[in-house]
Amino acid sequence: MFNITESMLETWQKQNEPKAFIIDISRIEMVIREKLPAPYVEFIANYGYVIFGEDAEQKYHFDYSIKYPDRIENHEGNIAFLHNADQVITAYRNMTLAEFEHDETRPVIPANYLPIGNDMGQGQILIELGEHAGRVWYWPFNEWAWGTEDNTWLGFVADNFYDFINRLRP
């Protein structure tokens with residue numbers, strides 16, 4: 001269950017951003033070839049592709065952790081907005097597929113992660129697909145292909161989209 005404040009709800013209603021329809025969900029699922037996690041679907045169907053941080057509390061910050069072989073680091077991230085269905089599909093294709101045969105700049109994230117929103121820059125909020133479907137991760141923008149240079153980690157945010165939304169803070 002989502003714990004949405006009155007201020008968040010009022011702000012999102014004033015923004016009047018589109019909500020997801022069954023056809024939007026189906027289009028995304030056709031591209032990723034699996035079902036979207038229920039909490040994420042529930043959110044975009046009920047609240048839409050909202051903009052964060054414009055509510056009275058300005059709830060758009062989250063904590064994420066990076067697990068390295070020798071330590072765990074905790075950091076703060078932010079979410080600016082959720083992608084609409086077309087943007088989700090475009091971002092997924094652009095970020096997980098090589099543009100041409102010997103493309104050394106792509107993919108930038110593994111194919112079992114779906115970009116669903118942006119931070120205040122070019123970083124992405126991701127939903128994990130597959131075995132641990134629904135977990136929320138953060139990928140700060142990186143120009144290198146996944147697994148090269150310093151593009152070798154994702155920040156863990158939450159076990160599911162309910163927890164992600166409910167833990168947003170000023």
Side-chain angles (χ1 to χ4, degrees), residues 1-15 17-20 25 28 32 36-69 71-85 87-92 94-96 107-144 146 150-170:
M1 180 171 156
F2 293 108
N3 298 321
I4 306 297
T5 67
E6 275 300 313
S7 173
M8 293 169 85
L9 188 57
E10 288 173 13
T11 300
W12 295 340
Q13 288 170 342
K14 286 178 189 170
Q15 289 171 352
E17 293 294 330
K19 294 179 180 173
I25 304 304
I28 295 169
I32 65 173
L36 288 168
Y40 171 67
V41 171
E42 179 184 336
F43 187 90
I44 59 176
N46 290 322
Y47 303 105
Y49 304 107
V50 300
I51 299 168
F52 292 87
E54 294 183 350
D55 55 297
E57 298 94 0
Q58 296 184 327
K59 291 179 121 185
Y60 67 102
H61 292 280
F62 58 85
D63 295 318
Y64 67 92
S65 59
I66 307 164
K67 188 175 184 179
Y68 294 103
R71 69 192 184 286
I72 295 175
E73 290 184 4
N74 296 310
H75 299 273
E76 178 181 88
N78 64 73
I79 181 168
F81 60 89
L82 291 177
H83 299 307
N84 66 35
Q87 292 166 330
V88 167
I89 291 167
T90 299
Y92 181 74
N94 287 343
M95 296 179 77
T96 62
V108 295
I109 60 171
N112 62 318
Y113 293 90
L114 181 68
I116 57 145
N118 258 73
D119 67 7
M120 297 294 240
Q122 295 181 51
Q124 297 290 309
I125 311 307
L126 310 172
I127 289 185
E128 187 172 350
L129 306 172
E131 183 181 351
H132 301 287
R135 294 194 302 188
V136 180
W137 295 81
Y138 174 64
W139 176 81
F141 174 78
N142 195 307
E143 62 188 42
W144 298 98
W146 180 253
D150 64 345
N151 192 12
T152 57
W153 60 268
L154 298 173
F156 178 76
V157 181
D159 284 324
N160 57 62
F161 207 68
Y162 293 125
D163 289 347
F164 173 68
I165 295 296
N166 294 344
R167 291 180 187 161
L168 290 175
R169 58 182 171 65

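What's counted below: heavy atoms across the whole structure, side chains too, no hydrogens, waters or symmetry copies.
Listed by chain and residue number, Phe2 satisfy the ring-ring contact (aromatic ring centres under 6.0 Å, His included) test with Tyr162 (two or more places apart in sequence, or in another chain). Under the side-chain hydrogen bond (donor to acceptor under 3.5 Å, both in side chains) criterion, Tyr138 pairs with Asp119, not counting sequence neighbours. With sequence neighbours left out, Gln15 forms a side-chain hydrogen bond (donor to acceptor under 3.5 Å, both in side chains) with Glu54. Remark: Gln122 pairs with Phe141 by the side chain to side chain contact (heavy atoms under 4.5 Å, CB included) rule, at least two apart or across chains. Scored by the salt bridge (charged side-chain N to carboxylate O under 4.0 Å, His left out) test, Glu42 finds no partners at all (sequence neighbours excluded). Residues passing the side-chain hydrogen bond (donor to acceptor under 3.5 Å, both in side chains) test with Tyr47, sequence neighbours excluded: none.
Centroid-to-centroid, the aromatic rings of Tyr49 and Phe81 stay 6.0 Å apart or farther. The distance between the ring centers of Trp139 and Tyr64 does not fall below 6.0 angstrom.
For the pair Val41/Phe161, no side-chain contact is recorded, criterion being any heavy-atom separation below 4.5 Å from C-beta on. The closest side-chain heavy-atom distance from Glu57 to Thr5 is below 4.5 Å. Side chains of Ile32 and Tyr92 form a contact here, defined as non-hydrogen atoms less than 4.5 Å apart. You'll find the side chain of Arg135 stays beyond 4.5 Å of the side chain of Asn160, heavy atoms only. Contact annotation: the side chain of Ile28 approaches that of Leu114 to within less than 4.5 Å [non-hydrogen atoms, C-beta and beyond]. When side chains are defined from C-beta on, Val136 does not count as touching Asp159, because their heavy atoms never get closer than 4.5 Å.
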Report task. Decide yes or no on side chain to side chain contact (heavy atoms under 4.5 Å, CB included) for Ile44 and Ile25, but give the supporting numbers first. Result -> CA-CA 9 Å; Ile44 59 176; Ile25 304 304; 3.5 Å; yes
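The closest side-chain donor-acceptor pair between Trp12 and Glu17, if any, does not fall under 3.5 angstrom. For Asp63 and Asn74, the side-chain atoms include no donor-acceptor pair closer than 3.5 Å.
In plain terms, the two heavy atoms of Ile109 and Pro115 that are nearest each other are CD1-CG, 4.0 Å. Minimum heavy-atom separation, Asp55 to Met8: OD2-CG, 3.6 Å.
Here the rule is ring-ring contact (aromatic ring centres under 6.0 Å, His included) with Phe156, and of Tyr113, Phe164, Phe62, Trp137 only Trp137 fits it.
In this structure, Asn142 contributes its side chain and Val108 its backbone to no donor-acceptor pair below 3.5 Å.
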